[in-house]
Engineer: 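Pasting a structure below so you can have a look.
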There are 2 protein chains.
Amino acid sequence: MTPTFTLHRGDSLTVLQSLPDHSVDAVIADPPYNSGGRTGNERRSTSARGKYVSGDAQHDLPDFAGDNRDQRAYLVWLSLILIECLRITRPGGHLLVFSDWRQAPVTADALQVGGWLWQGTVVWHKPVSRPMRGGFKAAAEYIQWGSNGPFDRTPELYLPGVFSASQPSGRQRRHITQKPVDGLLAELVKVCPEGGTVLDPFAGSGSTGVAAVSSGRHFVGIELTEHYHQVAHDRLTDAQRSVAR
Amino acid sequence: MTPTFTLHRGDSLTVLQSLPDHSVDAVIADPPYNSGGRTGNERRSTSARGKYVSGDAQHDLPDFAGDNRDQRAYLVWLSLILIECLRITRPGGHLLVFSDWRQAPVTADALQVGGWLWQGTVVWHKPVSRPMRGGFKAAAEYIQWGSNGPFDRTPELYLPGVFSASQPSGRQRRHITQKPVDGLLAELVKVCPEGGTVLDPFAGSGSTGVAAVSSGRHFVGIELTEHYHQVAHDRLTDAQRSVAR
DNA sequence: CAACTCTGTGAATCTTCAG
DNA sequence: CCTGAAGATTCACAGAGTT
């Protein structure tokens with residue numbers, strides 16, 4: 001059976017409220033990090049591009065929305081999102097939320113405020129990253145892991161706690177903060193049983209969906225930006241075709 | 001010139017209060033984690049051995065003290081420690097605090113409450129760790145990195161953000177939560193310039209001191225337990241002798 | 001085909017400058 | 001003095017191209 005996918009376009013919180021109870025097995029979320037948002041002072045307000053793209057970067061990827069909250073607002077907003085995700089997820093289902101080092105603590109808080117059981121922190125090690133003179137470079141992102149009540153320990157599934165993988169580059173790259181499928185997302189979707197459904201409330205260019213569909217899982221995604229909604233749709237259609245073949 | 005070391009025996013907070021202002025260049029602290037201490041309910045109350053030692057472990061290492069606070073108390077207590085450390089550290093000096101995944105957020109909070117500038121999170125990847133059925137294994141510990149005001153960016157020092165190293169085992173192992181010198185502590189002490197002084201308020205078996213002294217840094221350590229105070233003293237004396245040779 | 005060179009890049013961070 | 005925008009700086013590593 002070919003895995004199916006649904007791509008909603010709209011505000012994440014609004015669309016989540018329309019989804020039925022216990023309709024997915026796992027949630028994988030990559031919210032806008034609002035990095036540098038420790039204080040209003042440090043937060044550069046205008047756009048994501050200015051924050052995440054080097055001045056001389058050759059690519060010309062479009063901007064994305066929703067990256068301008070301060071840390072208190074981020075906690076409240078993310079908590080509301082995760083409360084809805086809990087309702088939509090079946091008991092025993094998993095939650096994975098990406099963050100950078102600045103937002104890791106507040107993300108763990110939001111996960112627990114949202115009613116999830118905090119199960120641990122998974123590390124995404126990025127071997128290619130900028131050096132830092134006089135100290136340690138920021139070479140990792142963090143994935144907070146939670147479950148809707150106790151999770152099922154019967155499956156023969158043993159996942160590592162640290163993943164090492166590089167961001168897609170060149171023509172492979174469709175989104176500023178795109179995550180790699182091989183070595184990362186393809187592993188993470190394994191917390192959803194085959195034939196189950198994965199939800200991504202911030203689908204972006206759809207990498208999570210590609211990982212899900214390519215490995216026999218259904219996918220439900222939400223994306224606000226029209227451009228990325230279209231990109232995700234195209235990539236998912238391709239992935240689905242590859243599986244069917 | 002042979003690096004010197006001083007080992008105080010006593011309660012960390014009390015001894016710290018007796019140390020002079022701006023007398024060290026870097027603080028590397030490995031406080032008792034109080035793991036499982038998110039809630040009183042989850043915390044196993046009796047001793048560190050029950051928490052950190054597998055039932056079938058062959059070794060017979062002594063217990064250590066101070067591992068029975070709940071999370072609110074841990075925040076307050078660690079903040080007080082780090083406030084004192086800030087006073088003792090010269091402006092521009094570095095702070096590194098170990099934690100497991102449960103305590104990572106509260107450790108980042110305590111660091112900032114203590115007046116340090118939070119600079120990032122360093123990952124200690126432990127490749128050999130217990131597998132976790134049905135999910136991700138806990139294969140990492142976290143090191144919160146701070147500085148006393150802006151840190152010096154002139155030294156030609158470029159450190160990675162993720163370190164991979166295994167816990168000492170067998171006869172090498174002198175403490176339940178001992179950290180490896182090679183591949184971890186030997187790298188971390190580099191945030192202190194050669195000829196400078198490293199402070200460890202929870203010296204344990206003295207691994208941080210061994211890394212410091214072996215690489216030409218002076219060391220000040222504090223340890224409460226008589227047994228570990230003696231172990232650390234012996235290991236440091238050996239390390240000093242090796243350098244002098 | 002393996003080994004090597006070369007070029008491009010980066011969820012970054014700091015400094016400078018204008019308002 | 002405080003705030004925000006723009007420009008400069010950094011080097012380990014991936015990946016393409018070449019010997």
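FYI, side chains are in, hydrogens and waters are out, and symmetry mates aren't considered; it's all heavy atoms of this structure. Here is the naming used below: chain letters follow the sequence lines, and residue numbers restart at 1 for every chain.
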Engineer: Please pick, from C:dA11, C:dT13, D:dC11, the nucleotide with the shortest atom-to-atom distance to any side-chain atom of A:K126.
Structural biologist: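 Within the option list, the nearest is C:dA11.
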
Engineer: Check for a donor-acceptor pair, side chain of A:R173 on one end and backbone N or O of A:I176 on the other, with a separation under 3.5 Å.
Structural biologist: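 Side chain of A:R173 to backbone of A:I176, a donor-acceptor pair under 3.5 Å: yes, one is there.
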
Engineer: For the residue pair B:F136 and A:W145, is the inter-centroid distance of their aromatic rings smaller than 6.0 Å?
Structural biologist: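 Yes.
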
Engineer: OP1 or OP2 of C:dG10 less than 4.0 angstrom from a side-chain nitrogen or oxygen of A:R173, does that happen here?
Structural biologist: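 Affirmative; the distance criterion is met.
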
Engineer: Rounded to whole Å, please give me the gap between NE2 in A:H175 and C1' in C:dG10.
Structural biologist: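 From A:H175 NE2 to C:dG10 C1': 16 Å.
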
Engineer: Expressed as a whole number of angstroms, how long is the span from B:L117:CG to C:dT13:P?
Structural biologist: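 The distance from CG of B:L117 to P of C:dT13 comes to 13 Å, rounded to the nearest Å.
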
Engineer: Could you tell me whether the side chain of B:Q144 and the main chain of B:A104 form a donor-acceptor pair under 3.5 Å?
Structural biologist: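 Between the backbone of B:A104 and the side chain of B:Q144 there is a qualifying donor-acceptor contact (under 3.5 Å).
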
Engineer: To the side chain of B:E156, which of C:dG10, D:dC11, C:dT13 is closest?
Structural biologist: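 In terms of side-chain proximity for B:E156, the closest of C:dG10, D:dC11, C:dT13 is D:dC11.
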
Engineer: Taking the six-membered ring for Trp, are A:W116 and A:F151 closer than 6.0 Å centroid to centroid?
Structural biologist: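 Here the rings of A:F151 and A:W116 have centres that are no less than 6.0 Å from each other.
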
Engineer: So, is the end of the A:K179 side chain (NZ or CZ) under 6.0 Å from the ring centre of A:F98 and within 45° of the ring's axis?
Structural biologist: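 The answer is yes, since A:K179 meets both limits relative to A:F98.
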
Engineer: Just compare D:dA12, C:dT13, C:dA11 and give me whichever is closest to any side-chain atom of A:K137.
Structural biologist: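 The answer is D:dA12, which lies nearest to the side chain.
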
Engineer: What integer distance in Å separates B:Y158:OH from C:dA12:P?
Structural biologist: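 So the two atoms are 18 Å apart, to the nearest Å.
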
Engineer: When the distance from OH of A:Y33 to C1' of C:dA12 is rounded to whole Å, what number comes out?
Structural biologist: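 Nearest whole value for this atom pair: 14 Å.
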
Engineer: For B:E156, give me all partners under salt bridge (charged side-chain N to carboxylate O under 4.0 Å, His left out), at least two apart in sequence or on another chain.
Structural biologist: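 So B:E156 forms a salt bridge (charged side-chain N to carboxylate O under 4.0 Å, His left out) with A:R133.
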
Engineer: Below 3.5 Å, does any donor atom in the side chain of A:D30 face an acceptor in the base of C:dA11, or the other way round?
Structural biologist: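 Result: at least one qualifying N/O pair found.
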
Engineer: Go ahead and write out DNA chain C as dot-bracket, 5' to 3': ( ) for pairs within the strand, [ ] for ones crossing earlier pairs, | when the partner sits on another strand, dots for unpaired; Watson-Crick or G-U wobble, both distances under 3.5 Å.
Structural biologist: .|||||||||.||||||||

Engineer: A:Q167 has an atom CD; how far is it from atom C1' of C:dA11, in whole Å?
Structural biologist: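 One finds 7 Å between C1' of C:dA11 and CD of A:Q167, rounded.
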
Engineer: Between D:dA14, C:dA11, D:dT10, spot the one nearest the side chain of A:K179, thanks.
Structural biologist: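 Among D:dA14, C:dA11, D:dT10, the one nearest the side chain of A:K179 is C:dA11.
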
Engineer: Can you tell me how far P of C:dT9 sits from CD of A:Q178, to the nearest Å?
Structural biologist: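 In whole Å, C:dT9 P and A:Q178 CD are 16 Å from each other.
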
Engineer: Starting at atom NE2 of A:H125, determine the distance to atom P of D:dA14, rounded to an integer number of angstrom.
Structural biologist: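 From A:H125 NE2 to D:dA14 P: 9 Å.
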
Engineer: Atom CD1 of A:I176 and atom P of C:dA11: how far apart are they, to the nearest Å?
Structural biologist: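 Atom-to-atom, A:I176 to C:dA11, this comes out as 11 Å.
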
Engineer: Using heavy atoms to find the nearest nucleotide of DNA chain C for A:P168 and A:A138 separately, return the residue whose nucleotide is more 5′.
Structural biologist: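 This one resolves to A:P168.
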
Engineer: Can you figure out which of D:dA14, C:dG10, C:dA11 approaches the side chain of A:P131 most closely?
Structural biologist: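 Nearest to the side chain of A:P131 among the choices is C:dG10.
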
Engineer: Taking the minimum atom-to-atom distance to the side chain of A:R102, which one of C:dA11, D:dC13, C:dT13 wins?
Structural biologist: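 Taking heavy atoms from C-beta onward, the closest nucleotide is C:dT13.
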
Engineer: For A:F5, enumerate each residue passing the ring-ring contact (aromatic ring centres under 6.0 Å, His included) test, keeping only those at least two apart in sequence or located in another chain.
Structural biologist: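 Testing A:F5 for ring-ring contact (aromatic ring centres under 6.0 Å, His included), a comparison that skips the adjacent residues, returns A:H233.
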
